[in-house]
Amino acid sequence: MSANTASPLPPAQHALKPGWFTVNVLNRAVGWLTRHGVSVWGSRVLAVRGRKTGDWRRTPVNPLTLDGRRYLVAPRGHVQWTHNMRAAGGGELWLGRSAERFTAVEVPDDDKPAVLRAYLKRWKAEVGMFFDGVGPDSTDEQLREIAPKHPIFEITRADG
């Protein structure tokens, strides 16, 4: 089957793996800066325990604050960190040598449109290509349609 005729994955399986440039240049650069205390547009390094090994896994993320609540959005879909987050129920956000422990609860699809809209408003230039043409000005119905493809976790600080 060619790429053009392949049937799409069910939303629960939707995942867009990053390419070589993203893995080896962008993520490494943002991760390095963030680990050294320089936040790029609010970036943090997410550390979450692997669901199979229990080893810490790290990836750069863009936490979003909306109406006093904080969220982690997975623009690439159901990727490894989202599976690990479901299993672990939380993790750590790092900036330099400072870590914030948090617990995480997955947001139901019907509650995602406002979070997706805010996330796309802030980071569309960076991640817009992962949202099937849906943007911050899309209708709630359009945002709800793509919601199953993009896990969102509400995070709450776990340490004082």
Side-chain angles (χ1 to χ4, degrees), residues 1-34 38-48 57-86 88-95 100 102-157:
M1 230 183 236
S2 74
N4 293 337
T5 59
S7 61
L9 293 170
Q13 299 299 313
H14 174 81
L16 298 172
K17 293 189 180 197
W20 182 91
F21 185 77
T22 299
V23 170
N24 293 292
V25 179
L26 291 177
N27 280 359
R28 285 186 184 189
V30 171
W32 187 90
L33 287 167
T34 305
V38 179
S39 177
V40 181
W41 283 81
S43 66
R44 297 291 185 271
V45 171
L46 168 66
V48 64
R57 303 293 183 198
R58 290 173 177 77
T59 190
V61 293
N62 294 319
L64 173 72
T65 300
L66 177 64
D67 298 330
R69 294 178 173 201
R70 295 176 56 216
Y71 301 93
L72 291 177
V73 176
R76 292 179 175 272
H78 297 264
V79 293
Q80 293 302 317
W81 74 259
T82 64
H83 298 297
N84 291 337
M85 184 72 69
R86 285 185 192 107
E92 299 173 345
L93 290 175
W94 285 82
L95 178 60
E100 173 192 345
F102 67 87
T103 58
V105 176
E106 192 158 3
V107 175
D109 290 343
D110 284 342
D111 296 342
K112 291 180 182 177
V115 178
L116 288 169
R117 184 181 316 286
Y119 187 82
L120 286 165
K121 186 174 182 181
R122 177 147 173 121
W123 287 292
K124 184 178 183 203
E126 232 181 281
V127 299
M129 75 282 280
F130 305 127
F131 288 88
D132 300 329
V134 174
D137 298 324
S138 296
T139 65
D140 282 354
E141 182 178 314
Q142 291 169 314
L143 289 162
R144 200 169 284 109
E145 214 171 279
I146 65 160
K149 294 181 177 183
H150 302 282
I152 298 175
F153 296 88
E154 183 176 352
I155 61 173
T156 305
R157 190 177 188 104

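The shown structure was predicted, so the numbers you read here are calculated from the model rather than taken from an experiment.
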Which atom pair, heavy atoms only, marks the closest approach of Lys112 to Ala147? NZ-O, 2.9 Å
Here's a test for you: under side chain to side chain contact (heavy atoms under 4.5 Å, CB included), which of Leu93, Asn84, Asn62 qualifies with Leu46? Leu93
Minimum heavy-atom separation for Ala104 to Ile155, with atom names? CB-CG2, 4.1 Å
Drop me the distance from Phe102's CZ to Arg157's CZ, to the nearest 0.5 angstrom. 11.5 Å
Of all heavy-atom pairs linking Ala118 and Leu66, the shortest is CB-CD1, 3.9 Å
With no hydrogens and no angle check, is any side-chain donor or acceptor of His78 less than 3.5 Å from a backbone partner on His83? no
Shortest non-hydrogen pair, Leu143 vs Ser138, comes out as CD1-O, 4.0 Å
Hey, could you give me the CD/CD distance between Glu141 and Glu145, rounded to the nearest 0.5 Å? 6.5 Å
Euclidean distance, Glu92 CD relative to Arg44 CZ, rounded to 0.5 Å: 13.5 Å
For the residue pair Pro75 and Val73, what are the closest heavy atoms and their distance? CD-O, 3.0 Å
Residue pair Tyr119 / Phe131, side-chain heavy-atom distance below 4.5 Å: yes
Taking atom CG of Leu116 and atom NZ of Lys121, what is their separation to the nearest 0.5 Å? 14.5 Å
Measure the shortest side-chain to side-chain distance between Asp132 and Lys149 over non-hydrogen atoms and say whether it is less than 4.5 angstrom. yes
For the CG atom of Leu120 and the CG atom of Asp137, what is their distance to the nearest 0.5 Å? 10.0 Å
Strictly distance-based, threshold 3.5 Å: is any side-chain N or O of Glu126 a donor or acceptor partner for the main-chain N or O of Trp123? no
Nearest-0.5 Å distance that lies between atom CG in Asp109 and atom NE2 in His150: 10.5 Å
Does any N or O in the side chain of Arg70 come within less than 3.5 Å of the main-chain N or O of Leu64, such that one atom is a donor and the other an acceptor? no
Do Pro151 and Arg86 make a side-chain contact, defined as non-hydrogen atoms from C-beta onward lying under 4.5 Å apart? yes
Taking every heavy atom of Arg117 against every heavy atom of Pro136, the minimum-distance pair comes out as NH1-O, 2.9 Å
